[in-house]
Amino acid sequence: MGAEDSGEGAARLINDLQDISFLRIALIILGTWLAIFLVRRIFPSLAQRGPSQLRLYLLGAVPIIRLALLVMAVLWIVPIIFNITFQNFIVIAGAASVAIGFAFKDYVSSLLAGVVSIFEKPYRPGDWVEIADDYGEVQSVGMRALRILTPEDTVVTIPHIRLWDDNIANSNDGERTLMCIADFYLAPDHDATLLRAALREVALTSAYLAWDRPVIVILSEKPFGTHYRLKAYPFDMRDQFVFISDLTARGKRVIAAAGGRQVSAQIGVEGAER
Amino acid sequence: MERGDGLPAGDRPLRRAHPLTDPTEPRPLVQLGEYDWPSLPPQQTLRRWRDHLLHALRPGEDAGPVVERGKLDRSTHEQLDAIAAGPATAPAEADLKAALDPWVADATADPRLQVIVLPPGAPRDPLATWAQTCGLACLAPPARQVLADMPGHAAPDLSGGGVLVIPRLEDWMLRHETGLDTIRALLAALATTDRRVVVGCGSWAWAFLSKAVDVDLALPPPRTPAPHDAERLKAWLLRLSDAVRSDGTIFRLTSDGTDVFGADEDGDGHFRKLAASSFGIPWIAWTQWRTSLRALTAEDHEEVAGEAETEAAHDDERTVWIVDPSTRSLPDGHEKEAMMVLHAVLVHGTLEVATLDRVLPGGDTGPVLEALVSTDFLQRDGTLLSASPYAYADARRALVDAGFPPDEL
């Protein structure tokens, strides 16, 4: 009797096998996978080739479209397999909670953080972010993790779960440019007004400069000398390192021409004296 | 936006000559920033996208051109001069003359400084030509090499009587950490002189100098010639080709055989496209127009004469065919370097080859430079580089798409 009841319950929870169209499920999964695959290929390709104004929008659309497609696919498949009633929903939710709680806690937490990241936008494809010690351009935002490409051409995969605990520094936050800073350390005996103007000129005449953004030179006195920070924006944030290099190389030239003298700290290297 | 005729703006036939809006008459200069960039009407843009899409999906099912491009020869210089003789800057020079002559004649007219911004690619400097015509003194700039090598160069001497013309303000600067002192000295001298001065500047240089030395604050608001829209272009090119058209020559599109100077809307559509693709700059439009003109090859003439009636063959000889302009591409794999070079040249107006490396970060620009010259993005006059009108439209689009800081008109 008891066995009959439980069998009846299971039949009510899951549709009869003969009523489940596995072909349909396979087609939905295949279609969703294909659509996601195409979106992940086409949108970045368009972003690469199209106008730079659209680049970040196209890249940012990928995770949103993928989430929408996945939700659609799940909502489509679930009624095919399960007999959805309130009672069955409770049963499925209970079973899922146990499974998630024991086996897939971190994985599901990452998935949830991935969904949150789509709406809170702490990072989007194309953004330059720093998470813990890793800095780079967000290449893709997956369901469980994001991938960033560092300046050293290394891909770092970071699970979304870091969103809950870590600080995430986003250098451009969806904008097309970001602030670059070139640092100079000078011996204090120099004409600071002259040098400040000369360094500003360096940024103003850079071939990488975004003309619609400010150029700022700030300086502060340190125990070892004067610290200059030349802040400016490149018109394309992908040029940030060559931009800083350009500012630094030409900055050193004007410092020398203006009679400034750069200082450096003596750093002891372990084993050097041995 | 629609008018009383019920047609959208893009689909209305171009206005015919009217005493108040005669398209052949000079137009008043417009304030910088108020330039009405000609664009294709949305319907035509959508139609073009649809055609591109259909062509991509079903390449074999197009109606095809009336005349194959392979059967057409480029027109000779003599033929082109008969159809559209220069100077290409004539309309802009007429606009400048109409705007500045009354100011020159009235010594008390305000403002004391007149600033004219012009787009690049002009085969001759419209402002310098105007100054020469009026017999006005022009201030010669120092050599670019001097600008960087002798920072803090002495302020220019603006003393003297009469109107002074500085045709190209960009000649007084170099985009280099020591290359802005001279232009600052010039701006300071302009602020203190009592002399009446006309200052000309390239549109790209103006955008750069507004950032670098606040030229937009130091000088009065600049003006620029009004854009050559489809109506003005059609009227101008119609007038230039008066002689050949009076012989019965017809200008037809190879795509569908439309007579572009005919009164129908399709002909007007061609000039709308030309205005949009040239940004309304007359010398760019003039260059594009001339490069699009073709005649049947000699063999095809004979073929036509052999196959067709005498009258038809005669008609064919008198047809000038208009092909779609070909788009130029930047050197493959070196697009960024090429755009850096293009941008530098546009900002400086003209630039010595030897000076190019001083305004660009590192690297040997020689090979890329050669590629840009051979593809007509740049033109070289001796050792002097400047933007070529043949590919300026493609260059500007590429730079804007890549996010480079653009000019403003």
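Numbered from 1 within each chain, the chains take letters A, B, ... in sequence-line order. The model shown is predicted, which means the values in this text are computed figures rather than measured ones.
- Neither the backbone nor the side chain of A/Val242 has a heavy atom closer than 4.5 Å to any heavy atom of chain B.
- Here the NE2-CZ distance, from B/His176 to A/Arg253, works out to 4.5 Å after rounding to the nearest 0.5 Å.
- In this structure, the portion of B/Val359 lying under 4.5 Å from any heavy atom of chain A is its backbone and not its side chain.
- Rounded to the nearest 0.5 Å, atoms OG (A/Ser206) and CZ (B/Arg175) are 7.5 Å apart.
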B/Thr178 and A/Glu201: side-chain contact (heavy atoms from CB on, under 4.5 Å), yes or no, with the steps?
-> CA-CA 8 Å; B/Thr178 56; A/Glu201 210 85 326; over 6 Å; no

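- Other residues, nucleotides and ligands place no more than 12 heavy atoms under 6.0 Å from the CZ atom of A/Arg41.
- The contact between B/His343 and chain A is made entirely by side chain atoms (from C-beta outward), counting heavy-atom distances below 4.5 Å.
- Using a 4.5 Å cut-off between heavy atoms, B/Ala398 does not touch chain A at all.
- Heavy-atom contacts from other residues, nucleotides or ligands closer than 6.0 Å to CG of A/Asn167 number 12 or fewer.
- In the displayed structure, A/Trp211 atom CH2 is contacted under 6.0 Å by more than 12 heavy atoms of other residues, nucleotides or ligands.
- In terms of modelled atom types and a separation under 3.5 Å, the side chain of B/Lys211 and the main chain of A/Arg213 share a donor-acceptor contact.
- In this structure, chain B has no heavy atom under 4.5 Å from any part of A/Leu199.
- For A/Val254, the part lying under 4.5 angstrom from a heavy atom of chain B is the side chain only.
- Contacts of B/Ala344 with chain A are absent, with no heavy-atom separation under 4.5 Å from either backbone or side chain.
- Residue B/Phe208 holds its CZ atom at 6.5 Å from OG1 of A/Thr205, rounded to the nearest 0.5 Å.
- Here the closest heavy-atom approach between residue B/Pro405 and residue A/Leu209 is recorded as CG-O, 3.5 Å.
- Atom CZ of B/Arg328 sits in a crowded spot, with more than 12 heavy atoms from other residues, nucleotides or ligands closer than 6.0 Å.
- Summarising the local packing, OH of A/Tyr57 is surrounded by 12 or fewer heavy atoms from other residues, nucleotides or ligands at distances under 6.0 Å.
- Listed in order of number, the residues of residues 332-340 of chain B that approach chain A to under 4.5 Å between heavy atoms are B/Lys336, B/Met340.
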